[in-house]
Every structure is written in C-alpha cells, then in structure tokens.
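Here is the structure we will look at, set down as structure tokens.
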Amino acid sequence: MWVLRCRGWEISENQVTPEWVVLSRRTILAGAAGLIAAPAPGAVSGQSARAVRNPKYKTDHPLSAEQDVTRYNNYYEFGSNKIIWKEAQELKQRPWAVRIEGLVKQPRTLDIDDLLKRVSPEERVYRHRCVEAWAMIVPWTGFPLAELLRIAEPLGSAKYVAFETAADKSMPELRQSWYPWPYTEGLTIEEAQNELAFLSTGIYGKPMPPQNGGPLRLTVPWKYGFKSGKSVVRIIFTERRPKTFWSELQANEYGFWANVNPAVPHPRWSQATERLLTTDERVPTKIFNGYAEYVAALYTDKQGEKLFV
Ligand code: MTE
C-alpha cells in the first residue's frame, strides 16, 4: 500500500452538510407529508425518502471537504495512486446485483434497489482512518449491516462474513495479475452485528460516487480503511476465516483484524498520529479510531490474536 503524499486542498463550502440529507430509493412514508424531499441524483424509482442524520455518532472534528473525500481515494482496481476518480466513472452502477450465499437459509441474488426498499436509510458521521495514517470525517448514508444480516438469515454455523467486490471490464488494473483479485474483505459475525458496522450507499447526501465504492460499500470505522470493501457484489457466510485481499498480499502488514491502535506501529511507519485531510492537521490516533466504547468488548476473548495489524 502506498504511503501518503501530502496535498493541501482548501476547505470548500461543501464541508458543511445540511442536517438532513436525501438518499436511497425508498418510498416517502405517508406520515412524512409536508416534508420536501429533494430527488436523489440518479434516482430510478422517482420517489425518495430522507436519510436523517443519526445524532448518536459524533466526531471531534468538522467534516472533511467533499472534494477531498471524493478525489483522494484508494481503489486499486482503477489504479494504485490516489487520483483515480475520473477512471472510476466507468464503473456502471445500475443494474447492480448483490449475491448472498454460503451458510444462509436460502442463497439469493438481490437487486440493489430492491434491497434498499427493505432497509431504513440513515446518515452517520464517522471517522475514516486509512492504515497509511491519513484520516477523514465523512457523512455516510446507508443502513446498519445488521439489517442485511437479518435479510440474509445466516445459519448458526456461520462464523464469518466475506465481502467480495466488483471485478469488471471497467477496471484497468485487473490486468495486474499478481494481485489476488477480486478484492475481498471479511468480518466475524459478531463484528458484522456490531451497531457501528454499516453498509454505505452515499456520502454528503448524494449517491455513493464510484470512486468511493458505489453503489454499496462496507464501512467499519474502528478498523483501518482497507477493511471497507468498495462496490460489494457478493456476501458470503462461512465457517472458516475468509482470505482477504491485503492479507493474501502481505499478512504481516495488513492482517485480518486491522483494528486502529496508536500504540501498534505498522511495520514501516508509526500509527501514533494521523493527518486529517482538508485541514492538514496532525492529530493523535485513537484506539479503535475513537470507537472503543462500542467495540472493545468484541475482542476481550481474543488477546492471542494480532488485533491491531
Ligand atoms: N475496496 C476495493 N474494492 N478496492 C480497493 O483498492 N481500498 C481500500 C478500501 N476499499 C480498496 C477498497 C482502502 S486501502 C481504503 S483506505 C479505503 O477503501 C479508501 O476509501 P476511500 O477512497 O473512500 O477513502
């Protein structure tokens, strides 16, 4: 993975996100009469519902500028430098199917828009921390991963859930055959059920741009960003720990757990501090990226594991 090269974009007006945002393709609830829902750009159903910001999840810094979040990306399928947003526009986001399989009651394929009708959209402002020691504050729109688990109905024998992401002809770097494509990530079932685990469908009140992982992207804010697979196409429930893209490449640097910890350096650099995009501020890294109260208990019985690499 590449180490950060500094960029000093100015704070834009886009840094300020309204209290409410519009996204998703759900029918407006009858009780919401009187509210004016702006149409989601690219909406296909013609009707939209608001994704209201969940006030429970707060951060100690202002939002990063939208332009930074959408133009400084890691998406190796489109290139290994950060400026891939133009190339990523080639990724066609509709129709989009998500296959659910493995240890589930009934394997099935869900159309993304049908899936979105079955979940409740909300906005969450989360810290997003890359293993390369840069960080952003992002307003994500989406729904709790636990809701997907409810729909998927995993069997009791399922211990892990893997997220396989798109590998299609729009992605020039799939030619690089030494990478273990498709990009795959995984969580334990308990991690997936944690209230923070989120499937994101948008940012800044707009549908998720392809460079950020549209139309469906995992968001697990207590872990390094590489755990958050972009453009998910397959969700597989397994009994054994799934192989993951980065741990296949370099397990000693990018392990399965990858929980944020300032005290555990990456083998090639410190994780003690991080650089916030937009302001360029360098701030102390927080254990579990500031989310210890939500997730620390997941790991009390796993002390023998390399939890922070
Ligand atoms: N998902 C896919 N499919 N391909 C990738 O290269 N990069 C990961 C993660 N998800 C990646 C991916 C890494 S290393 C990070 S830090 C985050 O996406 C970056 O997300 P962002 O570009 O939205 O900030």
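Scope of the values below: all heavy atoms of this structure, side chains included, with no hydrogens, waters or symmetry mates.
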Minimum heavy-atom distance Pro139-Arg53, with the two atoms named: CB-NH2, 4.4 Å

CH2 of Trp140 to OH of Tyr57: how many Å apart, nearest 0.5 Å? 16.0 Å

Note, Thr219 side chain near Arg124 side chain (heavy atom, < 4.5 Å): no

What are the two closest non-hydrogen atoms of Glu173 and Gly79, and how far apart are they? CG-N, 3.2 Å

For residues Asp68 and Met136, determine if any side-chain heavy atom of one lies less than 4.5 Å from a side-chain heavy atom of the other. no

Note, Leu148 side chain near Val119 side chain (heavy atom, < 4.5 Å): no

Does one hydrophobic cluster hold both Ile236 and Leu155, with members joined at side-chain heavy-atom distances below 4.5 Å? no

Looking only at non-hydrogen atoms, find the nearest pair between Lys230 and Gly213 and report the distance. CB-CA, 3.4 Å

Between Asp60 and Lys286, is there a side-chain N and carboxylate O pair less than 4.0 Å apart? yes

Pair Glu191-Tyr299, side chain to side chain donor-acceptor pair (under 3.5 Å): steps then yes or no: CA-CA 10 Å; Glu191 289 177 324; Tyr299 306 105; 2.5 Å; yes

Under-4.0 Å salt bridge between Lys56 and Glu122: no

For Phe308 and Phe288: C-alpha separation, side-chain torsions, deciding distance, then whether ring-ring contact (aromatic ring centres under 6.0 Å, His included) applies. CA-CA 9 Å; Phe308 302 106; Phe288 294 111; 5.7 Å; yes

Reported CD-to-CH2 distance for the pair Glu248 and Trp181, which is rounded to 0.5 angstrom: 13.0 Å

Is any side-chain N of the basic residue among Arg108 and Glu153 closer than 4.0 Å to the acidic one's carboxylate O? yes

Pair Val309-Asn252, side-chain contact (heavy atoms from CB on, under 4.5 Å): steps then yes or no: CA-CA 7 Å; Val309 173; Asn252 66 324; over 6 Å; no

Of all heavy-atom pairs between Ala192 and Leu149, which one has the smallest distance, and what is that distance? CB-CD2, 4.0 Å

Thr273 versus Arg282, side-chain donor and acceptor atoms under 3.5 Å: yes

For Glu90, the side chain to side chain donor-acceptor pair (under 3.5 Å) test, sequence neighbours excluded, returns none

Do you know the tightest heavy-atom contact between Ala152 and Ile100? CB-CG2, 3.7 Å

Approximate separation, where rounding is to 0.5 Å, of Met208 CE and Thr141 OG1: 7.5 Å

Please say whether the positively charged group of Lys227, taken as NZ for Lys or CZ for Arg, lies over the ring of Phe256, i.e. under 6.0 angstrom from the six-membered ring centre and within 45 degrees of the axis. yes

Within the 4.5 Å heavy-atom criterion, are Tyr224 and Arg129 side-chain neighbours or not? yes

Scan side-chain atoms only and decide if Asn73 and Gln211 contain a donor-acceptor pair under the 3.5 Å cut-off. no

For a 4.5 angstrom cut-off between non-hydrogen side-chain atoms, does Tyr291 reach Asn194? no

Heavy atoms, side chains only, cut-off 4.5 Å: are Arg99 and Val233 in contact? no

Can Glu185 and Lys223 be counted as an ion pair, charged N to O under 4.0 angstrom? no

Roughly how far, to the nearest 0.5 Å, is CZ of Phe198 from CZ of Phe143? 8.5 Å

Is it the case that more than 12 heavy atoms not belonging to Lys86 sit under 6.0 Å from its NZ atom? no

So which atom in Leu298 and which in Lys302 form the shortest heavy-atom distance, rounded to 0.1 Å? O-NZ, 3.6 Å

Run the side-chain contact (heavy atoms from CB on, under 4.5 Å) check on Leu196 and Tyr126 step by step: do they pass? CA-CA 9 Å; Leu196 293 181; Tyr126 279 162; 3.8 Å; yes

Heavy-atom distance under 4.5 Å between the side chains of Ser170 and Lys92, does that happen here? no

What do the steps show when you test Tyr204 against Ser64 for side-chain contact (heavy atoms from CB on, under 4.5 Å), and what is the final call? CA-CA 10 Å; Tyr204 296 90; Ser64 304; 4.1 Å; yes

Pick one: which of Trp96, Tyr75, Tyr183 meets side-chain hydrogen bond (donor to acceptor under 3.5 Å, both in side chains) with Ser231? Tyr75

Starting at CZ of Phe245, measure out to OH of Tyr76 and round the result to the nearest 0.5 Å. 8.0 Å

Considering only heavy atoms from C-beta outward, does the side chain of Val161 approach that of Pro154 to under 4.5 Å? no

